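Here's the structure, in structure tokens; my notes come after.
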Amino acid sequence: MTGPRVRMAPSPTGFFHVGSARTALFNWLFARQNDGFFILRIEDTDAARNLDDAREGIVTAMAWLGLDFDAGPFLQSELWAEHVASAEALYANGYLYACDCTREQIDERIKGNAKPGYDGFCRDRHVVRSEVTVLRFRVPDEGVTIVPDIVRGDVSFPHDSYEDFIVVRSNGGVLYPLANMVDDRSDAITHIIRGEDLLPTTPKQVMMWEALNHCPEVAFVPHPLYAHLPMLVNEQRKKLSKRKDPVAVESYRDQGYLSSAFVNYLALLGWSPRGDEEIVSRETLVAQFRLEDVSHSPAFFDVKKLTHMNGEYIRALSLDAFIETATPWVAPWSNEWRPSDRAVPWSREQFDVALFAQVAHLVQERVATMGEIPAMVSFFFLDDVPYDDATFDKIIRNDPAAQTLLRSAIERFATVTWTTDVLHEATLALGEPLGMALRKSQAPIRCAVTGTSVGPPLFESMELLGREKVLQRLRDALVRAGA
Ligand code: GLU
């Protein structure tokens, strides 16, 4: 294969961050449109406590997003020996030196220095390696390191703003910038597409990559190109915060965002399709996406826009597809996958598949996420109407005219032909002597029958629910109101 080789290198954090999902998507799009090779590598060297779960979480999230990879998941820790060998080669060739300074000594010496950080004290002291020495990289005194970045152009980092950074800890542990870069070398990665938060680390990696290419015992590997993707920000234009912003991909899946909508929305975070239409298929994304067109300004992760887009995707489903997609939310027992921590308000016995199939088109038009469905249809399946107390008090308990209307509705509905149109006409007629427009006259009926003031179209719902249940509910509402 001659196409580019890219990789996604998430750290196992316990959930899959939307920023990681965007990075994964951009890598995937780039690989797929260029006949490339996409590797998943989990950077586990900071040892997550439960690695198996973390790995599984990442793989599941990638599968949900439909981002298949060509190799992996590999674990960074498995390549430990190679990290050490590379560090040793850098040391043997003079790119690293041992340093035995303590933090206190360094702080004492560098007070008031213009250049921040370590002062190079041990550079030429030929300190003998021991269990108290770290290995530092000898950053050239002068010049710059250029990071070739497809999104930002060449970014130049002057060497005098970099201290001789630590590469190997005193306990022998190889630090992340080298480990990550050695893995990229051994996977022969050609394009490193990742978040811009990693940009400050990149010059160190470019310097070490170059140094390794000069070590005779190490195979030469051409430098990769970089694409540092713009930061994701919240409404306050601040970097998304793990604690304050909803950033876990899993929580979007569990709330009933469709993966197709989610992927479409992620693609817009730093990139936009050619035409005016932002809703574009996966195939169009693959065809149109260009790394060169990615912007470097921060991208607003707009949950409202995502939710709106999700609603559009839901409405675009065929009715059958909608019903099938809704199954984990309405009948979790019948599905292998179900949203976590989400119990439906009805029992397995109360749920009626055939009724749901009839009701489905009414809700498909009205939900923005699949997770909204159960609350919207629970009155169909529950024996006791799920009343919203405040709404009930306002619309029925504290409104004698509403109670009068309910009384006449009970009488009238007992004999009318049970169809949507007739129920509609009848309700209109019931309101007339009370001076109520339809909006007013249907409110107490809706509240009595469904428990609340919003929901699927009332008369269709009543037709589906059946005369007996509706009459019972109207009577129960009057009793409940003490009328
Ligand atoms: N493991 C790093 C992170 O999750 C990504 C490193 C990389 O892509 O080079 O932030």
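Here the structure is a predicted model, which means the values were calculated and not measured. Residues: numbered from 1 along the sequence shown. Ligands are counted one by one from 1 in listed order, and the atoms in each one are counted from 1 as well. Atoms considered below: every heavy atom in the structure, side chains included; atoms not considered: hydrogens, waters and symmetry mates.
Close contacts between ligand 1 and N180 involve ligand atoms 6 (C), 7 (C), 9 (O) [criterion: under 4.0 Å to a heavy atom].
Checking side-chain atoms of N27 against main-chain N and O of T23 turns up a donor-acceptor pair under 3.5 Å.
Remark: ligand 1 and D197 share no N or O pair separated by less than 3.5 Å (distance only, no angle test).
Taking the six-membered ring where tryptophan is involved, the planes of Y252 and F262 are tilted, since the angle between them lies from 30° to 60°.
At a cut-off of 3.5 Å, with distance as the only test, no side-chain donor of R253 or T60 sits close to an acceptor on the other residue. When only modelled atom types and interatomic distance are considered, H83 and D183 share a side-chain donor-acceptor pair under 3.5 Å. Judged by distance alone, the side chains of S295 and S297 do bring a donor and an acceptor atom under 3.5 Å apart. Side-chain contact annotation: D184 with W209, donor-acceptor N/O pair under 3.5 Å absent.
Under 4.0 angstrom from ligand 1, there are no non-hydrogen atoms of I192. With a heavy-atom cut-off of 4.0 Å, L198 touches ligand 1 through its side chain alone.
The protein heavy atom nearest to atom 6 (C) of ligand 1 is Y176 OH, 2.8 Å. From the protein, the heavy atom lying nearest to atom 5 (C) of ligand 1 is A9 O, 3.3 Å. Of the protein's non-hydrogen atoms, S11 OG, 3.6 Å is the one closest to atom 3 (C) of ligand 1.
Among R7, R41, E43, the residue whose heavy atom lies closest to atom 9 (O) of ligand 1 is R7.
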